[in-house]
Novice: 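Below you will find the structure I want to go over with you.
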Amino acid sequence: MSVIKVNKLLDELNKMFPDIKSDLNYSNTFELLIAVVLSAQTTDQRVNSVTRKLFSRFPDPYRLANARQMEVEETIASLGLFRTKAENIIALSKRLVSTYKNEVPDNLEDLLTLPGVGRKTANVVLSEGFGKPAIAVDTHVSRVSKRLGLTKSDNPDKIELDLQEYFPKDKWGKAHLLLVHFGRYHCKAQNPQCSTCPFNEECLYYKQNLT
Ligand code: SF4
């Protein structure tokens with residue numbers, strides 16, 4: 001398996017996305033957590049279209065914990081799975097109030113106890129919200145990593161381990177953001193822009209499908 005050198009990968013991705021930041025709008029770790037939970041199976045733009053109103057009506061865990069489910073559902077109704085998401089963000093807010101003194105916990109173990117929070121969401125919160133080393137594996141990270149030969153696995157937990165070995169620890173959070181943006185805007189699931197890709201000499205997908 002051909003694996004691109006990590007320095008080349010990071011250098012080129014940094015050139016492609018020089019001022020990278022999350023596409024989700026948030027102003028604190030609570031809002032980030034809620035936005036990431038809402039982003040399952042929908043776009044960040046759609047999430048942003050509901051969170052301004054959601055956060056102004058329910059700006060902290062206490063107020064969201066005490067919201068009526070119907071009010072929350074109405075506010076996020078344009079999102080897929082909105083009923084389940086409303087239930088989860090109310091339930092996780094209740095847990096933040098009852099167990100974590102109204103704060104979002106800053107470690108994986110506690111984050112994973114929150115309703116609706118899986119490993120990907122927890123890792124995004126750790127890296128983007130708390131600046132801790134973590135690599136979240138979503139559909140973009142998974143696809144790009146496989147195409148580039150950084151992993152052979154389809155299992156997100158194994159991909160996370162492979163990427164942790166490949167990237168230096170102090171670059172884990174940045175690498176996640178760069179791979180997400182690369183997958184979202186360049187190496188798309190359909191019609192990836194291979195002819196202008198700086199990695200096409202090393203890319204397994206390119207070699208197998210387009211040469
Ligand atoms: Fe993606 Fe194509 Fe670049 Fe490979 S060559 S990483 S498939 S855009």
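Atoms within a ligand are numbered from 1 in the order they appear, just like the ligands themselves.
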Novice: Keeping the roles fixed (side chain from S56, backbone from K53), state whether a donor-acceptor pair exists under 3.5 Å.
Specialist: yes

Novice: For atom 4 (Fe) of ligand 1, which of the options G183, C203, S195 provides the nearest non-hydrogen atom?
Specialist: C203

Novice: Is ligand 1 less than 4.0 angstrom away from at least one heavy atom of Y205?
Specialist: yes

Novice: Would you mind running through ligand 1 and noting each atom that sits below 4.0 Å from a heavy atom of L148?
Specialist: 6 (S)

Novice: Can you name the nearest heavy-atom pair linking V104 to L96, along with the distance?
Specialist: CA-CD2, 4.1 Å

Novice: Find all atoms of ligand 1 within a distance of less than 4.0 Å from any non-hydrogen atom belonging to C197, and give their numbers and elements.
Specialist: 3 (Fe), 5 (S), 6 (S), 8 (S)

Novice: I need the nearest protein heavy-atom contact for atom 2 (Fe) of ligand 1: residue, atom name and distance, please.
Specialist: C194 SG, 2.3 Å

Novice: Under 2.8 Å from atom 3 (Fe) of ligand 1, is there an N/O/S atom belonging to C187?
Specialist: no

Novice: Ignoring hydrogens and angles, tell me if any N or O in the side chain of H186 forms a donor-acceptor pair with the backbone of P192 under 3.5 Å.
Specialist: no

Novice: Could you tell me whether a side-chain N or O of K85 sits under 3.5 Å from a main-chain N or O of L38, the two making a donor and an acceptor?
Specialist: yes

Novice: Are N200 and K207 linked by a side-chain donor-acceptor pair shorter than 3.5 Å?
Specialist: no

Novice: Which of the numbered atoms in ligand 1 are under 4.0 angstrom from any heavy atom belonging to N200?
Specialist: 5 (S)

Novice: With atoms numbered from 1 as shown, which atoms in ligand 1 lie under 4.0 angstrom from a non-hydrogen atom of R147?
Specialist: 7 (S)

Novice: Between E128 and V124, is there a donor-acceptor pair closer than 3.5 Å when you use the side chain of the first and the backbone of the second?
Specialist: no

Novice: Within a distance under 4.0 Å of any heavy atom of H186, pick out the atoms of ligand 1 and give their elements.
Specialist: 8 (S)

Novice: Ignoring hydrogens and geometry, is there a side-chain-to-backbone donor-acceptor pair from H181 to L177 under 3.5 Å?
Specialist: yes

